[in-house]
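For reference, the structure discussed in these notes is given below.
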Protein chains: 2
Amino acid sequence: MASDTYTRILDTAQSLIVNRGYNAFSYADISAALGIGKATIHHHFPGKADLVVAVIARYRQATEDGLGAMAAREPRAGRRLAGYVGFWEQCIRDNNAPFCIAALLAAELPSLPAEVAEQVKAHFDELTARLTGFIDEGLRKGELTSTEDAERSARILVATVHGAMLAARVAGGDAELYASITAPALQRLTREIAST
Amino acid sequence: MASDTYTRILDTAQSLIVNRGYNAFSYADISAALGIGKATIHHHFPGKADLVVAVIARYRQATEDGLGAMAAREPRAGRRLAGYVGFWEQCIRDNNAPFCIAALLAAELPSLPAEVAEQVKAHFDELTARLTGFIDEGLRKGELTSTEDAERSARILVATVHGAMLAARVAGGDAELYASITAPALQRLTREIAST
DNA sequence: GGGAGTCTACCGACTAGTTGGTCTGTCGTC
DNA sequence: GACGACAGACCAACTAGTCGGTAGACTCCC
């Protein structure tokens, strides 16, 4: 289905978005990186918005798959959340894709084409819903404690993760800084039952 | 000193950056908004990087002045932090400048000119230092409680605020959402002595 | 008082390069 | 011979930035 070139265009676009955002990458960048004609990119993705929508759609799917797989193998809510938070710590440490493209695009939101903006919003909704599910389950099982309801806890966690990414980026890709900011956000939910 | 045109260019550039970032605004935008020639902008700011550096420098100064003034009039640490957090809630509610330009530029950091990147980093350092001072003083006076040291607490607060801005922007400028995410971050520091 | 020179603020017209996007083709494969 | 995958050449619009010039204010000197 998805041809090799098609996938490589998506890959390149994604890595360009990770560290330049929507407005600072061009068809020429992808063309040069892959050694293909610009027209080839237009053949697979008629417009820039189509390309970026496809990137985020794939990203959303990967996120859903990843979180779903983790939920299947890890029943403990605290570990699930730690898995999500730790995933990004590893990304920053490896410096491969050290930023959530949806968070970056969210910052640029007012300047994005409508279709792209919708995808970004959808990612936030999905991610929040997934984490809300984890937290809700954890609270009901007594594995987690929180003074807020599950959804609010999830939003706080996501915000902290995104803010910590920003801080780490400013600090030159400092994974320790990311961890030191996010760790207390996890502890907040697992406190007093940490030694389970 | 600072002529009227000079200031208006800065104002316009700042508001363009707030909702488009560095790469998605142009001299032509400012030129059109103010009804002046593009060459006039170049007269005051030789290059785009110079312009944006000037915007952030002024922004940093305003932040320092604002936080300094608040510290002078409000001795209670908890209120100082609430003032910082509440400032952005009001900005989002009024929809005038509903995003911290330094946070937005931080996301775009890898694609920014070096001089601009430096200014962004400097803002983060200054802001963290200021809040660290507030928290440190609050802890020593017994007005605040924290399981982490003051600097780490400050970084967590900043990250939460930035993450909450992102969430609010995605939600279409939802100030309530911003508040619901940031409020617990403040409570974390003021808990058990809230009724002072 | 009146030039003559100088400075700042500003603008219209321009440039070289880049942007996203199109058109017309040529391959190879089924 | 139709079709998907690709590319070269092209396009209009836009990018940051330059150039030469003008209009006004502020000197300084006679």
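Chain identifiers are assigned alphabetically (A, B, ...) following the order of the sequence lines, protein sequences preceding nucleic acid strands; residue numbering begins at 1 within each chain.
- Place A28(A) and A39(A) on DNA chain C by their nearest nucleotides, and A28(A) ends up nearer the 5' end.
- The interatomic distance linking L51(B) (CG) with dT15(D) (C1') rounds to 15 Å, in whole Å.
- Here the P atom of nucleotide dT15(D) and the CG atom of N23(A) are 11 Å apart, to the nearest Å.
- No donor-acceptor pair closer than 3.5 Å links the side chain of Q14(A) to the backbone N or O of V55(A).
- Taking atom CD1 of residue I36(B) and atom P of nucleotide dT22(D), one finds them 21 Å apart after rounding to whole Å.
- T160(B) and T182(B) share no side-chain donor-acceptor pair at under 3.5 Å.
- Distance, K48(B) NZ to dC14(D) P: 15 Å, rounded to whole Å.
- In terms of phosphate contacts, H43(A) brings no side-chain nitrogen or oxygen within less than 4.0 Å of OP1 or OP2 of dC6(D).
- A pairwise comparison of heavy atoms in P184(B) and R188(A) identifies CB-NH1, 4.2 Å as the closest pair.
- Shortest non-hydrogen contact noted between V116(A) and V52(A) is CG1-CG1, 3.8 Å.
- No engagement by F45(A) is indicated, since no non-hydrogen atom pair under 4.0 Å with the nucleic acid exists.
- OP1 and OP2 of dA9(C) both lie 4.0 Å or more from every side-chain N or O belonging to T5(B).
- Per the geometry, CG belonging to L16(A) stands 15 Å off C1' belonging to dT19(C), to the nearest Å.
- Residue F25(B) is in sugar-phosphate contact alone, with no base atom involved, counting any heavy-atom pair closer than 4.0 Å across all strands shown.
- A side-chain donor from one of N23(B) and S111(B) sits under 3.5 Å from a side-chain acceptor of the other.
- Note: CZ (R20(B)) to C1' (dT15(D)) measures 14 Å, nearest angstrom.
- When rounded to the nearest whole Å, the span between NE2 of H42(A) and P of dC10(D) equals 17 Å.
- Between S26(A) and dT19(C), a side-chain N or O to OP1/OP2 separation shorter than 4.0 Å is present.
- Listed nucleotides: dA16(D), dG20(C), dA7(D). Nearest to the side chain of T40(A): dA7(D).
- If you take CD1 of I41(B) and C1' of dT15(D), they are 13 Å apart, rounded to a whole angstrom.
- When distances are taken from the side chain of K38(B) to each of dA9(C), dA16(D), dG21(C), the shortest belongs to dA16(D).
- Nearest nucleotide to the side chain of Y27(B), out of dG20(C), dT15(D), dG17(D): dG17(D).
- Residue-to-nucleotide proximity on DNA chain D shows that, of H44(A) and G47(B), the 5′-proximal contact is made by H44(A).
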